[in-house]
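So the structure is just underneath, and the comments pick up after that.
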Number of protein chains: 2
Amino acid sequence: MDEPPERLTTKPSWLIGQLSLYARRLAFDGFAATGARGYHYRILAALHEFGPASQAELGRRCRVDRSDVVAAVGELAERGFVDRTPDPDHGRRNRVTLTDDGLRQLRRMDEVLDRVQDDLLGPLSAEDRQILTRLLGRVLTHHEPH
Amino acid sequence: MDEPPERLTTKPSWLIGQLSLYARRLAFDGFAATGARGYHYRILAALHEFGPASQAELGRRCRVDRSDVVAAVGELAERGFVDRTPDPDHGRRNRVTLTDDGLRQLRRMDEVLDRVQDDLLGPLSAEDRQILTRLLGRVLTHHEPH
DNA sequence: GAAAAAATGTTGGCCCGACCAACACTAAGG
DNA sequence: CCTTAGTGTTGGTCGGGCCAACATTTTTTC
């Protein structure tokens with residue numbers, strides 16, 4: 001494979017961008033067996049961790065646009081992984097709930113993602129993986145507030 | 001801002017993916033002043049570092065699909081940042097060359113990207129930045145060969 | 001309590017970056 | 001020579017992310 005210019009290979013923004021491609025591909029290929037996409041995993045994870053939620057809250061939690069939550073929740077509901085019912089205390093709001101099938105799907109996707117982390121971090125030792133994760137986490141939380 | 005599920009925030013693939021978004025946005029906004037995109041920078045950088053090249057080679061070097069190189073080089077040529085002429089020794093191949101204006105544009109984008117790295121890595125010390133960059137580089141080179 | 005502001009679900013569309021298939025043509029290798 | 005590989009180009013697809021607008025409902029503010 002031809003070498004990219006050094007201007008790129010030494011820039012964190014390039015490294016992160018290229019790695020995010022590999023990560024997305026690994027996850028996408030892994031999820032293919034489950035018939036799901038990244039958005040589905042995020043939403044299932046949020047429901048499992050925080051309980052039933054409105055679509056707007058799911059969007060904020062998962063960093064997904066409201067309009068895309070509509071579609072993703074619709075697909076999840078079609079396959080029986082979530083229930084979407086109008087919130088009784090709230091005229092407009094929906095209440096999205098994780099079903100037993102949804103929980104099973106989440107577990108399947110968890111296994112996939114665990115393997116993905118392993119493939120992604122490839123040659124790094126356990127310590128290096130922890131260092132990397134901590135550094136990335138610090139950087140991300142610095143950008144998250146706003 | 002609502003907290004994302006812990007399932008996500010502890011996964012390197014999530015951290016890298018989210019950070020790549022911030023990086024792309026910072027670069028995109030910075031490049032806006034220069035009227036260029038990411039593909040343009042990659043190509044200009046490769047031309048400056050390796051000299052004139054065919055479009056196919058640019059694509060391999062910059063990790064850009066051949067078909068997208070066509071468009072990007074076309075845009076660069078329109079603005080006078082590169083010359084695209086048929087390779088005299090080669091019937092089909094093009095020879096793309098960096099112009100003086102292109103070099104100036106590259107320098108402008110270099111400055112933008114330097115600021116982007118700074119904004120992106122935010123709170124990290126110089127040592128931590130180096131550690132992070134090294135780790136990311138090791139992981140990426142592990143995936144590059146194949 | 002009424003008026004203004006914010007929140008929610010939904011539709012429809014746009015963008016970048018990445019990718020693929022096909023075609024015409026040329027170069028290189030058996 | 002004939003097959004294989006490389007090149008430029010067109011045209012299209014996809015995921016993820018994003019925005020504008022709308023109707024409707026809740027909350028805030030006066």
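Chain naming here is simple, since letters A, B, ... match the order of the sequence lines and numbering starts at 1 in each.
Across the protein-nucleic acid pair, Arg95(B) atom CZ and dA27(C) atom P stand 16 Å apart, rounded to whole Å. Rounded to whole Å, the distance from CG on Leu21(A) to C1' on dG15(D) is 12 Å. Residue Asp65(B) contributes atom CG, which lies 14 Å from atom C1' of dC16(C) at whole-angstrom precision. What separates CG of Leu26(A) from P of dA18(C) is a distance of 16 Å, to the nearest Å. For the pair Asp68(A) CG and dT8(C) C1', the interatomic distance rounds to 15 Å; values are reported in whole Å. To the nearest angstrom, P of dT26(D) lies 10 Å from CG of Asp87(A). One can place CD of Gln18(B) at 14 Å from C1' of dG15(D), the figure rounded to the nearest angstrom. Whole-Å rounding puts the Ile43(A) CD1 to dG9(C) P distance at 12 Å.
Checking Ser54(B) against Gly38(A), the closest nucleotide of DNA chain D that is more toward the 5' end is the one next to Ser54(B). Taking for each of Val64(B) and His90(A) the nucleotide of DNA chain C with the nearest heavy atom, the 5'-most of the two is the partner of His90(A). Mapping Arg93(A) and Arg24(A) onto DNA chain C by nearest heavy atom places Arg93(A) closer to the 5' end of the strand.
Arg92(B) contributes a side-chain N or O that forms a donor-acceptor pair with the base of dT7(D) under 3.5 Å. Between the base of dG15(D) and the side chain of Arg37(A) there is no donor-acceptor pair shorter than 3.5 Å.
When distances are taken from the side chain of Ser67(B) to each of dA21(D), dC19(C), dG8(D), the shortest belongs to dC19(C). The side chain of Ala56(A) lies closest to dG9(C), out of dC18(D), dG8(D), dG9(C). Of the candidate nucleotides dC20(C), dT10(C), dG16(D), dT10(C) has the atom nearest to the side chain of Gln55(A). Proximity note for Val70(B) (side chain, C-beta onward) versus dT11(C), dT10(D), dT8(C): the nearest is dT10(D).
A heavy atom closer than 4.0 Å to some atom of DNA chain D occurs in Arg84(B), these being the qualifying members of residues 77-85 of chain B.
In this structure, Glu57(A) pairs ionically with Arg61(A), as a charged nitrogen and a carboxylate oxygen lie closer than 4.0 Å. In summary, Arg60(A) and Glu3(B) do not engage in a salt bridge, as defined by a charged side-chain N under 4.0 Å from a carboxylate O. Ion pairing of Glu78(A) with Arg84(A) is absent here, as no side-chain N (NZ or NE/NH1/NH2) approaches a carboxylate O to less than 4.0 Å. A salt bridge links Asp118(A) with Arg129(A): at least one charged nitrogen is closer than 4.0 Å to a carboxylate oxygen. Looking at Arg79(B) and Asp101(B), no side-chain N of the basic residue comes within less than 4.0 Å of a carboxylate O on the acidic one, giving no salt bridge.
The phosphate of dT7(D) (OP1 or OP2) has a side-chain N or O of Arg60(B) nearer than 4.0 angstrom. Taking 4.0 angstrom as the limit, Arg66(A) places none of its side-chain polar atoms (N or O) nearer than this to OP1 or OP2 of dG17(D).
Across all strands, Asn94(A) comes closer than 4.0 Å only to sugar-phosphate atoms, never to a base (heavy-atom distances). Nucleic acid contact for Tyr39(A): base, since at least one base atom lies under 4.0 Å from a heavy atom of the residue.
For the pair Arg37(B) and Phe31(B), the NZ or CZ position fails the cation-pi test of under 6.0 Å to the six-membered ring centre and within 45 degrees of the ring normal.
Side-chain contact annotation: Arg95(A) with His90(A), donor-acceptor N/O pair under 3.5 Å absent.
Counting heavy atoms from C-beta on, the side chains of Tyr39(B) and Arg42(B) come closer than 4.5 Å.
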